[in-house]
Amino acid sequence: MRAQGGRCEGADSAVVPVTLITGFLGSGKTTLLNHVLRDPGGLRLAVLVNDFGSVNIDAELLREADEEVVSLANGCICCSLSQGLLSSLSKVLRRPDRPDRILIEASGVSDPFEIVETLADPEVHAHAPLDGVVAMVDAVSAPGLRDMSLTLAVRQVTCAGLVVLNKIDLVTDIETARKWLRDIDAGVPVVETRHAALPLTTLLGLGNPPAKSDSDPAPHDFETVTLERDSPIPLRSLHAFLDALPRGVLRAKGILDIAEKPDHRCILQFTAGRAEIKVGTAWQSETRQSRLVIIALRGEIDATGLRNLLHMEDLCALQTVDTAYTK
């Protein structure tokens, strides 16, 4: 199997079923994959992700890594989608340690029906048939989505054969999120989770979703800005930076060098006005640097202003952002 002209060509002896994980920004897709990678149930998995940095790979699992593939001691691999879906699928299926299953993490602002259509191509389906689509839903923020964000989230749910209603521990009225889902698709199976803790077996064997949607594709009116800083960030300055983010910011995530934790990376997750900072693995010989990715509605952010703000040292911590700091 090889990618050529946007298509996959070639022949392989056995098919490898594919499960697509979709869901709007911050719904818990990466957290779910972290659980799966730590306990793959004896299966050799290939997980295709948009960004290695957001996947928390335990040190004892890591075997080797290059620019495109991270190999784990339990036989699983992570493959970057930076070269495109078809190229990544071909690379995985050509490996000598051929996986038993492939999981694809879709971008939070992607329309899953477009990915489903790509996987339905006969030349792709012959080698990597779609086994099912799982949609992650944030119980906290989903009912409040509006405009193009809502349109995209609805398409993600209607494409799925299983919905994972995540973060149920963070809401006081779970029925609001349940009703939001019922209004979209009353018949789709739903499982409720905390911290996206779900066994791999629940995600498998769901059956193929429809290859096409009856409605128009979701708009892609989102933009991404990457911010970098070489010097450590004081925690109070980080708080103030998050507080200053405009309303159009939907998601922020990254690995940070925080002054109060000089020996360890810190992992930032920001969604729907709530930030979580976790202490990660120790810095090794690599250059210490903070790298933050921000996703927003198009035209809602000033990239230069945000870069300047991230580099300021004398910001006051306004503390209106709900921040959880986890050791």
Side-chain angles (χ1 to χ4, degrees), residues 21-36 54 56 105-106 108-109 134-199 202-203 222 235-236 238-254 266-279 294-297 300 317-327:
I21 313 293
T22 186
F24 196 64
L25 299 165
S27 57
K29 299 183 296 296
T30 300
T31 305
L32 175 65
L33 291 177
N34 287 337
H35 283 292
V36 168
S54 62
N56 181 22
E105 178 189 6
V109 293
V134 178
M136 302 289 297
V137 171
D138 184 338
V140 178
S141 63
L145 294 176
R146 297 290 183 270
D147 303 322
M148 69 182 72
S149 299
L150 175 60
T151 299
L152 184 55
V154 167
R155 286 179 66 81
Q156 291 167 345
V157 170
T158 55
C159 184
L162 175 71
V163 170
V164 179
L165 184 58
N166 191 32
K167 304 184 184 180
I168 62 171
D169 53 313
L170 300 181
V171 294
T172 55
D173 179 18
I174 188 61
E175 188 56 34
T176 299
R178 291 169 177 164
K179 182 180 184 304
W180 185 85
L181 283 173
R182 288 197 300 269
D183 290 344
I184 297 172
D185 187 348
V188 64
V190 178
V191 293
E192 300 179 0
T193 60
R194 297 172 174 84
H195 307 292
L198 201 64
T202 305
L203 310 178
F222 303 92
L235 189 58
R236 70 170 191 166
L238 178 60
H239 283 162
F241 172 83
L242 294 172
D243 181 78
L245 291 177
R247 291 181 179 271
V249 172
L250 303 171
R251 185 84 163 94
K253 61 181 180 178
C266 290
I267 302 166
L268 170 70
Q269 301 282 356
F270 175 91
T271 308
R274 184 179 189 276
E276 181 183 57
I277 305 166
K278 292 185 177 180
V279 178
I294 295 177
I295 303 174
L297 299 174
E300 293 290 328
L318 301 179
Q319 296 291 354
T320 59
V321 175
D322 178 15
T323 305
Y325 192 42
T326 306
K327 295 182 178 180

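Nothing fancy with the numbering, it's 1 onward along the sequence.
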Rounded to the nearest 0.5 Å, what's the gap from CD1 on I294 to CG on L250? Could you check? 11.0 Å

Side-chain contact test, heavy atoms from C-beta onward, threshold under 4.5 Å: evaluate it for L181 versus V188 and give yes or no. no

Between H195 (side chain) and D169 (backbone), is there a donor-acceptor pair under 3.5 Å? no

Tell me which pairs pass salt bridge (Lys or Arg N to Asp or Glu O under 4.0 Å) where either residue lies in residues 138-148, with sequence neighbours left out. D138-K167

How about L32 and M136: do any of their side-chain heavy atoms sit closer than 4.5 Å? yes

Nearest heavy-atom approach of A135 to A160 is CB-CB, 3.5 Å

Find the distance between CD1 (I267) and OG1 (T30) and round it off to the nearest 0.5 Å. 11.0 Å

Check I277 against C266 and note the closest heavy-atom contact, atom names and distance. CG2-CB, 4.1 Å

Where the side chain of N166 meets the backbone of S27, is there a donor-acceptor pair that is under 3.5 Å apart? yes

Measure the shortest side-chain to side-chain distance between D185 and V163 over non-hydrogen atoms and say whether it is less than 4.5 angstrom. no

Contact between L203 and V36 at the side-chain level, heavy atoms closer than 4.5 Å - yes or no? yes

If we ignore hydrogens and angles and just use 3.5 Å, is the side chain of Q156 paired with the main-chain N or O of F24 as donor and acceptor? yes

Counting distance only, does the side-chain N/O of K29 pair as donor-acceptor with the main-chain N or O of G23 below 3.5 Å? yes

Results of side chain to side chain donor-acceptor pair (under 3.5 Å) for T176 - residues two or more places apart only: D173

Nearest heavy-atom contact between A196 and G28 is CB-O, 3.8 Å

Between the side chains of Q269 and R251, is a donor N or O closer than 3.5 angstrom to an acceptor N or O? yes

Test item: T271 and L25 side chains (from C-beta on) under 4.5 Å apart, heavy atoms: no

CH2 of W180 to CG of L150, rounded to nearest 0.5 Å, is 6.5 Å

How long is the span from the NE2 atom in H35 to the OG1 atom in T31, to the nearest 0.5 Å? 6.5 Å

For the residue pair A139 and I174, what are the closest heavy atoms and their distance? CB-CD1, 4.0 Å

Measuring from atom CD of E192 to atom CD1 of I168, what distance do you get when rounded to the nearest 0.5 angstrom? 5.0 Å

